[in-house]
K.L.:
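The structure that follows is given in the form of structure tokens.
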Amino acid sequence: MTSRRTRERLIARLRERGISDPHVLDVMLATPRHLFLDEALAHRAYEDSSLPIGFNQTISQPYTVARMTEALLAAGPLKNVLEVGTGSGYQTAVLAQLVEHLFSVERIRPLQEKARTRLQRLKLYNVMLRHSDGGMGWPEKGPFDGILVTAAPTEVPEELLQQLAPNGRLVIPVGGDLQQLKRVTRLEDGSFATEVLEGVKFVPLLSGLVR
């Protein structure tokens, strides 16, 4: 289930689907995805599929994690990064190994506490977690060189755009029944350039806290 061969098969599938950043692939290979799932589902950890983690949330498909991470890092290394939606902590763990400082917000406290334990187990100490409404981001820690959102709003939240540093990049799924993965870059003059990367399917970005 957790053998290197099993993980290498997953990495081969990611390469076949177009993931090419060697740093992203190395981190995906090294990160034990089975630790981020309940025991009953751990045997499916290295399938390229999303899986339930409770509270109507999912752990993202490995391809999606790799694609979003690669899109965020495409223009070079990032120092100060915000993740909206800690969830299981898997995307958090991947990002934490590739950026200098990671700030991650989660609205569902039981998920956040599980994620905190997993990140500590992996000795990922450059992550700061906050229990808060993700759509608002974490303005006190901004501006951010990168923002990655793991749930889909119907449109890009203005609050997140305003927390981007000049040349900062936001990778976010947007839409209702039909969703698109977008990368928004804040230009030097303060305007925004948007690229559509591909079609995706994420849980909706919701407001309000769950304790």
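Each residue takes its place number in the sequence, starting with 1.
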K.L.:
How would you list, by chain and number, every residue that makes a side-chain contact (heavy atoms from CB on, under 4.5 Å) with Gln120, sequence neighbours excluded?
P.N.:
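So Gln120 forms a side-chain contact (heavy atoms from CB on, under 4.5 Å) with Arg116.
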K.L.:
Salt bridge (Lys or Arg N to Asp or Glu O under 4.0 Å) with Glu47: which residues, sequence neighbours excluded?
P.N.:
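So Glu47 forms a salt bridge (Lys or Arg N to Asp or Glu O under 4.0 Å) with Arg44.
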K.L.:
Does anything in residues 158-177 pair up under salt bridge (Lys or Arg N to Asp or Glu O under 4.0 Å), and if so which pairs, sequence neighbours excluded?
P.N.:
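Applying salt bridge (Lys or Arg N to Asp or Glu O under 4.0 Å) to every pair that reaches into residues 158-177, excluding sequence neighbours, yields nothing.
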K.L.:
Measure the spacing between CG of Leu161 and CD1 of Ile147 and express it to the nearest 0.5 Å.
P.N.:
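Answer for the CG-CD1 pair, Leu161 versus Ile147, is 7.5 Å.
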K.L.:
Do Val81 and Leu148 come within less than 4.5 Å of each other through their side chains, counting heavy atoms only?
P.N.:
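No; the side chains remain at least 4.5 Å from each other.
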K.L.:
If you compare all heavy atoms of Leu111 against all heavy atoms of Gln57, which two are closest, and at what distance to 0.1 Å?
P.N.:
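That would be CD1-CG, 3.8 Å.
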K.L.:
Please list, chain by chain and in numerical order, all residues satisfying side-chain contact (heavy atoms from CB on, under 4.5 Å) with Leu209, sequence neighbours excluded.
P.N.:
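Partners of Leu209 under the side-chain contact (heavy atoms from CB on, under 4.5 Å) test: Arg107, His131, Arg211.
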K.L.:
Mind checking salt bridge (Lys or Arg N to Asp or Glu O under 4.0 Å) for Glu16 and listing every partner two or more places apart, or none if nothing turns up?
P.N.:
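Glu16: no salt bridge (Lys or Arg N to Asp or Glu O under 4.0 Å) contacts found.
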K.L.:
Is there a donor-acceptor pair closer than 3.5 Å between any side-chain N or O of Gln163 and the backbone N or O of Glu140?
P.N.:
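Not at all, since once roles are kept as given, no pair shorter than 3.5 Å links the two residues.
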K.L.:
Starting from the C-alpha separation in whole Å, work towards a yes-or-no answer on side-chain contact (heavy atoms from CB on, under 4.5 Å) for Asn80 and Phe103.
P.N.:
CA-CA 8 Å; Asn80 211 40; Phe103 302 89; 3.0 Å; yes
K.L.:
Give me the atom names and distance for the closest heavy-atom approach of Ala152 to Gly175.
P.N.:
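Where Ala152 meets Gly175 most closely, the heavy atoms are CB-O, 4.1 Å.
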K.L.:
Are Gln179 and Phe202 packed together at the side-chain level, in the sense that at least one heavy-atom pair is separated by less than 4.5 angstrom?
P.N.:
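Yes, at least one pair of side-chain atoms sits under 4.5 Å.
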K.L.:
List in chain and number order the residues that pass side chain to side chain donor-acceptor pair (under 3.5 Å) with Asp38, two or more places apart in sequence or in another chain; answer none if no residue qualifies.
P.N.:
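Scan of Asp38 (side chain to side chain donor-acceptor pair (under 3.5 Å), adjacent residues dropped) gives Lys114.
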K.L.:
Within this structure, what is the CG-CD distance for the pair Leu25 and Glu8, rounded to the nearest 0.5 Å?
P.N.:
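It comes to 12.0 Å.
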K.L.:
Would you say Leu29 and Met68 are hydrophobically clustered, going by side-chain heavy atoms of ILVMFWY under 4.5 Å?
P.N.:
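As far as the 4.5 Å side-chain criterion goes, Met68 and Leu29 are connected within one cluster.
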K.L.:
When rounded to the nearest 0.5 angstrom, what is the spacing between CG in Leu72 and CG in Leu170?
P.N.:
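Reported to 0.5 Å precision, the distance equals 8.5 Å.
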K.L.:
Show the nearest heavy-atom pair for residues Leu14 and Ala66, with the distance to one decimal.
P.N.:
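Result for this residue pair: CD1-CB, 4.2 Å.
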K.L.:
With the 4.5 Å side-chain cut-off for hydrophobic clustering, are Val84 and Val203 part of the same group?
P.N.:
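No.
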K.L.:
Filter on side chain to side chain donor-acceptor pair (under 3.5 Å), then keep only pairs touching residues 142-157, sequence neighbours left out; what's left?
P.N.:
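Listed by first then second residue: nothing to list.
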K.L.:
Which atoms form the tightest heavy-atom contact between Leu78 and Gly146, and what is the distance?
P.N.:
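Between these two residues, the closest heavy atoms are CD1-CA, 4.0 Å.
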K.L.:
Say you draw a straight line from OG of Ser88 to CD1 of Ile53; how long is it, rounded to the nearest 0.5 Å?
P.N.:
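Nearest 0.5 Å value for the OG-CD1 distance: 5.0 Å.
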K.L.:
Identify, with sequence neighbours excluded, every residue that meets side-chain contact (heavy atoms from CB on, under 4.5 Å) alongside Thr117.
P.N.:
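Residues passing side-chain contact (heavy atoms from CB on, under 4.5 Å) with Thr117: none at all.
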K.L.:
Do you know the tightest heavy-atom contact between Glu70 and Asp21?
P.N.:
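Glu70 and Asp21 have their closest heavy atoms at OE2-N, 2.7 Å.
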K.L.:
For Trp138 and Phe144, which heavy atoms make the closest approach, and how far apart are they?
P.N.:
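That closest heavy-atom pairing would be O-CZ, 3.4 Å.
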K.L.:
Excluding sequence neighbours, so at least two apart, what forms side-chain contact (heavy atoms from CB on, under 4.5 Å) with Ala71?
P.N.:
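In terms of side-chain contact (heavy atoms from CB on, under 4.5 Å), with neighbours along the sequence ignored, Ala71 is linked to Arg67, Val171, Arg183, Leu197.
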K.L.:
One pair to check against side-chain contact (heavy atoms from CB on, under 4.5 Å): Val94 and Thr92. What are the steps and the verdict?
P.N.:
CA-CA 6 Å; Val94 170; Thr92 318; over 6 Å; no
K.L.:
Would you check, one step at a time, whether the test side-chain contact (heavy atoms from CB on, under 4.5 Å) holds for Val196 with Leu181?
P.N.:
CA-CA 6 Å; Val196 175; Leu181 184 64; over 6 Å; no
K.L.:
Val184 and Leu187: same hydrophobic cluster, using ILVMFWY side-chain contacts below 4.5 Å?
P.N.:
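In one cluster: no.
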K.L.:
For Phe36 and Leu51, run side-chain contact (heavy atoms from CB on, under 4.5 Å): C-alpha distance rounded to whole Å, both residues' side-chain angles, the deciding distance at 0.1 Å, then the answer.
P.N.:
CA-CA 10 Å; Phe36 295 88; Leu51 295 164; over 6 Å; no
K.L.:
Would a 4.5 Å heavy-atom cut-off, applied to side chains only, mark Lys201 and Ser50 as touching?
P.N.:
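SC-SC contact between Lys201 and Ser50 ruled out.
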K.L.:
Can a donor-acceptor pair be found, under 3.5 Å and without considering hydrogens, that links the side chain of Gln112 to the backbone of Glu106?
P.N.:
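Such a contact is absent between Gln112 side chain and Glu106 backbone.
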K.L.:
Could you check if a side-chain atom of Leu10 sits within less than 4.5 angstrom of a side-chain atom of Thr6, using non-hydrogen atoms only?
P.N.:
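Counting from C-beta outward, Leu10 and Thr6 never come under 4.5 Å.
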K.L.:
Hey, what do you get for CG (Leu124) to CG (Leu95), rounding to the nearest 0.5 Å?
P.N.:
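Going from the CG atom of Leu124 to the CG atom of Leu95 covers 11.0 Å.
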K.L.:
Mind checking what makes side chain to side chain donor-acceptor pair (under 3.5 Å) contact with Arg118, not counting sequence neighbours?
P.N.:
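Here no residue qualifies.
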K.L.:
Decide side chain to side chain donor-acceptor pair (under 3.5 Å) for Glu188 and Asn167; before the verdict, give the C-alpha distance in whole Å, the side-chain angles of both, and the deciding distance to 0.1 Å.
P.N.:
CA-CA 6 Å; Glu188 290 283 358; Asn167 299 311; 2.7 Å; yes
K.L.:
Do Ile11 and Pro62 have side chains that get closer than 4.5 Å, going by heavy atoms?
P.N.:
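Ile11 does not reach Pro62 side chain to side chain.
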K.L.:
Looking at side-chain heavy atoms only, is the closest gap between Val65 and Thr69 below 4.5 Å?
P.N.:
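Val65 reaches Thr69 side chain to side chain.
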K.L.:
Could you list the residues that satisfy side chain to side chain donor-acceptor pair (under 3.5 Å) with Ser104, not counting sequence neighbours?
P.N.:
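Ser104 satisfies side chain to side chain donor-acceptor pair (under 3.5 Å) with Glu83, Thr86 once adjacent residues are dropped.
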K.L.:
Look at the side chain of Asn126 and the backbone N and O of His101, then say whether any donor-acceptor pair between them is shorter than 3.5 Å.
P.N.:
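A pair under 3.5 Å: no.
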K.L.:
Tell me, please, whether Tyr63 has Arg17 positioned over its six-membered ring: NZ or CZ under 6.0 Å from the ring centre and within 45 degrees of its axis?
P.N.:
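Ring-cation test returns yes.
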K.L.:
What distance separates Leu37 CG from Tyr90 OH, expressed to the nearest 0.5 Å?
P.N.:
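Interatomic distance, Leu37 CG to Tyr90 OH, rounded to 0.5 Å: 9.5 Å.
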K.L.:
Do Ile172 and Pro153 make a side-chain contact, defined as non-hydrogen atoms from C-beta onward lying under 4.5 Å apart?
P.N.:
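Side chain of Ile172 against side chain of Pro153, heavy atoms only: contact under 4.5 Å found.
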K.L.:
For atom NZ of Lys79, decide whether the heavy atoms of other residues, nucleotides or ligands shown that lie under 6.0 angstrom number more than 12.
P.N.:
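Counting other residues, nucleotides and ligands, NZ of Lys79 stays at 12 neighbours or fewer.
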K.L.:
Checking Gln91 against Thr64: is there a side-chain donor and acceptor pair closer than 3.5 Å?
P.N.:
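Gln91 and Thr64 do not have a side-chain donor-acceptor pair below 3.5 Å.
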K.L.:
Who passes side chain to side chain donor-acceptor pair (under 3.5 Å) against Glu39, sequence neighbours left out?
P.N.:
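Per chain and number, Glu39 pairs via side chain to side chain donor-acceptor pair (under 3.5 Å) with no residue.
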